[in-house]
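Working notes, structure below.
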Amino acid sequence: MTGHFRKATLATALAMAGFGTQPALADAGGVSFWLPGLMGSLAATPAVPGWAYSTIYIHLQDNAGKGQSFITPGGGTGAVTAGLNAHADVLVQGLTYTSPLSVFGGQAAFTVLAAPGNIGVGIDATLTGPRGNTISGSASDNRTTMTDVFYQGTLKWNQGVHNEMVYITGNIPSGTYDSSRLANLSFGFPAVDAGAGYTYLDPKSGHEFSVVSGLTYNFMNGALQYQNGIDFHVDWAASQFITKTIHVGLAGYYFQQLTDDSGPGAKLGGFRGMSVGIGPQIGFIIPMNNGYQGYLNLRGYKDLEVENRPKSWTGWVTFSLSPAAPEPAVTKPIVRKY
């Protein structure tokens with residue numbers, strides 16, 4: 001088992017589930033650019049050079065209790081106490097090119113992806129104005145649309161069972177963001193995320209452990225005059241290969257907003273968010289013809305604890321098609337002639 005098992009490690013799924021209600025909770029809409037749980041098993045293992053295709057289906061379900069606070073739509077001066085129920089279903093499509101040339105002694109790759117999807121948002125709110133007057137009501141929105149375009153560059157190194165990675169990822173706003181809608185799959189602002197990862201993979205014992213951490217810088221959402229703070233995140237996964245082609249295990253994440261939300265639209269102040277989640281996973285390596293192989297991974301996460309974010313659970317189905325590792329050359333016996 002080598003690093004040619006391909007996972008869509010793109011920071012992609014990030015927005016796929018990122019629905020942009022009016023700025024609420026920590027980060028706009030209570031959803032960050034980085035979708036916790038994005039990186040999983042085998043994240044830092046190098047791949048076989050060439051082109052690879054990945055598709056990821058993601059389902060996200062978010063709920064926030066009626067005690068959560070939201071910014072008034074349009075940047076008003078009051079606060080909103082609201083119940084939130086939201087879901088997103090997206091199908092990410094991505095292409096990755098892995099270079100055969102060594103870069104700083106490592107392997108470079110570049111990924112581009114985007115996703116169509118459906119998102120629905122419902123709120124039950126009570127607006128409290130600056131003089132204490134209240135107005136109650138509810139609103140909902142449902143929309144089938146596109147995410148932003150995402151890119152990711154990686155550089156990976158391998159030393160036996162140890163694999164290291166650095167990455168940078170970000171988004172190019174797609175133009176589908178609509179500040180007048182509750183439901184958005186695009187963000188309405190660019191963001192950049194960078195970090196590093198490590199994978200321990202022992203083919204003999206079948207043990208595997210991966211961890212990836214990074215920081216996200218978010219630019220200003222001009223339509224809302226709202227800028228998310230800097231986010232820190234750690235994704236991890238541990239698994240055991242029970243056969244040469246099947247591994248099972250657990251995956252989890254920790255997400256923490258480090259700096260305050262800011263801008264004229266940030267009426268609730270810093271409102272830093274945090275979430276911790278965990279869930280099961282299973283992966284299958286699928287031999288295929290013409291020098292390619294498939295990889296199928298199923299995993300799910302549920303928040304154990306959140307602060308200033310909706311409580312959520314997510315389900316992931318990832319399938320990728322990539323070049324297979326070449327078969328080891330057969331050593332012919334030495335024939336001596338005397």
Side-chain angles (χ1 to χ4, degrees), residues 1-11 36-50 52 54 56 96 98-100 102-109 111 152-167 195-214 233-254 276-288 291-301 316-331:
M1 325 238 184
T2 63
H4 58 275
F5 317 112
R6 162 114 23 207
K7 279 193 71 5
T9 60
L10 359 276
L38 176 63
M39 297 283 194
S41 286
L42 308 169
T45 52
V48 174
S54 295
I56 313 172
T96 298
T98 300
S99 173
S102 176
V103 179
F104 299 112
Q107 184 188 72
T111 299
Q152 183 186 60
T154 61
L155 192 57
K156 299 179 179 181
W157 298 266
N158 169 257
Q159 297 89 32
V161 298
H162 304 290
N163 304 271
E164 299 86 29
M165 171 186 72
V166 294
Y167 76 88
Y198 169 80
T199 292
Y200 175 86
L201 177 63
D202 186 345
K204 294 181 179 179
S205 65
H207 300 334
E208 182 272 335
F209 173 75
S210 298
V211 60
V212 179
S213 64
H233 52 84
V234 177
D235 292 349
W236 62 268
S239 65
Q240 174 67 42
F241 278 86
I242 57 177
T243 71
K244 290 184 178 181
T245 58
I246 302 174
H247 67 107
V248 296
L250 294 174
Y253 55 77
Y254 170 71
V276 179
I278 194 171
Q281 67 157 327
I282 183 169
F284 305 88
I285 300 168
I286 307 168
M288 306 185 82
Y292 275 77
Q293 71 174 15
Y295 177 70
L296 175 66
N297 181 276
L298 296 87
R299 67 186 189 275
Y301 300 94
W316 303 64
V317 179
T318 300
F319 177 76
S320 61
L321 185 64
S322 62
E327 294 292 334
V330 177
T331 302

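The figures here come from the full heavy-atom set of this structure, side chains too, leaving out hydrogens, waters and symmetry mates.
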Carefully, step by step, assess Trp316 and Asn297 under the rule side-chain contact (heavy atoms from CB on, under 4.5 Å). CA-CA 8 Å; Trp316 303 64; Asn297 181 276; 5.7 Å; no
Begin from the C-alpha positions of Leu201 and Phe241 and carry the test side-chain contact (heavy atoms from CB on, under 4.5 Å) through to its verdict. CA-CA 10 Å; Leu201 177 63; Phe241 278 86; 3.9 Å; yes
Residues Trp236, Ile278; criterion side-chain contact (heavy atoms from CB on, under 4.5 Å); working and verdict: CA-CA 9 Å; Trp236 62 268; Ile278 194 171; 3.9 Å; yes
Pairing residues for Phe284 by the ring pair (Phe, Tyr, Trp, His ring centres under 6.0 Å) criterion, not counting sequence neighbours: none
Is there a donor in the side chain of His207 and an acceptor in the side chain of Gln240, or the other way round, less than 3.5 Å apart? yes
Can you tell if the side chain of Asn163 reaches within under 4.5 Å of the side chain of Pro46, non-hydrogen atoms only? yes
Measure the CD-CD distance between Gln159 and Glu164 for me, rounded to the nearest 0.5 Å. 4.5 Å
Relative to each other, are the rings of Tyr167 and His233 parallel, tilted or perpendicular (30° and 60° limits)? tilted
Looking only at heavy atoms, what is the nearest atom pair of Pro203 and Val161, with distance? CD-CG1, 4.4 Å
Min side-chain heavy-atom separation Met39-Ser210 under 4.5 Å: no
Measuring from Leu155:CG to Ser102:OG, what's the distance to the nearest 0.5 Å? 8.5 Å
Search all heavy atoms of Ala43 against all heavy atoms of Val212 and return the closest pair with its distance. CB-CG2, 3.8 Å
Find out whether Tyr200 and His162 are in side-chain contact, i.e. whether some heavy atom of one side chain is under 4.5 Å from a heavy atom of the other. yes
Shortest non-hydrogen contact between Thr199 and Ala44, atoms and distance: OG1-N, 3.0 Å
Less than 4.5 Å apart, any side-chain heavy atom of Ile282 and any of Leu296? no
Side-chain donor or acceptor of Lys156 paired with backbone N/O of Thr45 under 3.5 Å: yes
How long is the straight-line distance from CG of Leu250 back to CZ of Arg299, given to the nearest 0.5 Å? 12.5 Å
Would you say the side-chain atoms of Lys244 pair up with the backbone N or O of Ile285, donor to acceptor, closer than 3.5 Å? no
side-chain hydrogen bond (donor to acceptor under 3.5 Å, both in side chains) assessment of Ser54 paired with Ser320: CA-CA 4 Å; Ser54 295; Ser320 61; 4.6 Å; no
Residue pair Val166 / Trp157, side-chain heavy-atom distance below 4.5 Å: yes
Find the distance between OG (Ser41) and CD (Gln281) and round it off to the nearest 0.5 Å. 3.5 Å
Pair Thr98-Val48, side-chain contact (heavy atoms from CB on, under 4.5 Å): steps then yes or no: CA-CA 7 Å; Thr98 300; Val48 174; over 6 Å; no
By side chain to side chain donor-acceptor pair (under 3.5 Å) - contacts of Gln107 (at least two apart): none
Between the side chains of Gln152 and Thr154, does any donor sit under 3.5 Å from an acceptor? no
Donor-acceptor pair, distance only, cut-off 3.5 Å: does the side chain of Asp235 make one with the backbone of Gly37? yes
With sequence neighbours left out, what residues match Tyr292 under side chain to side chain donor-acceptor pair (under 3.5 Å)? none
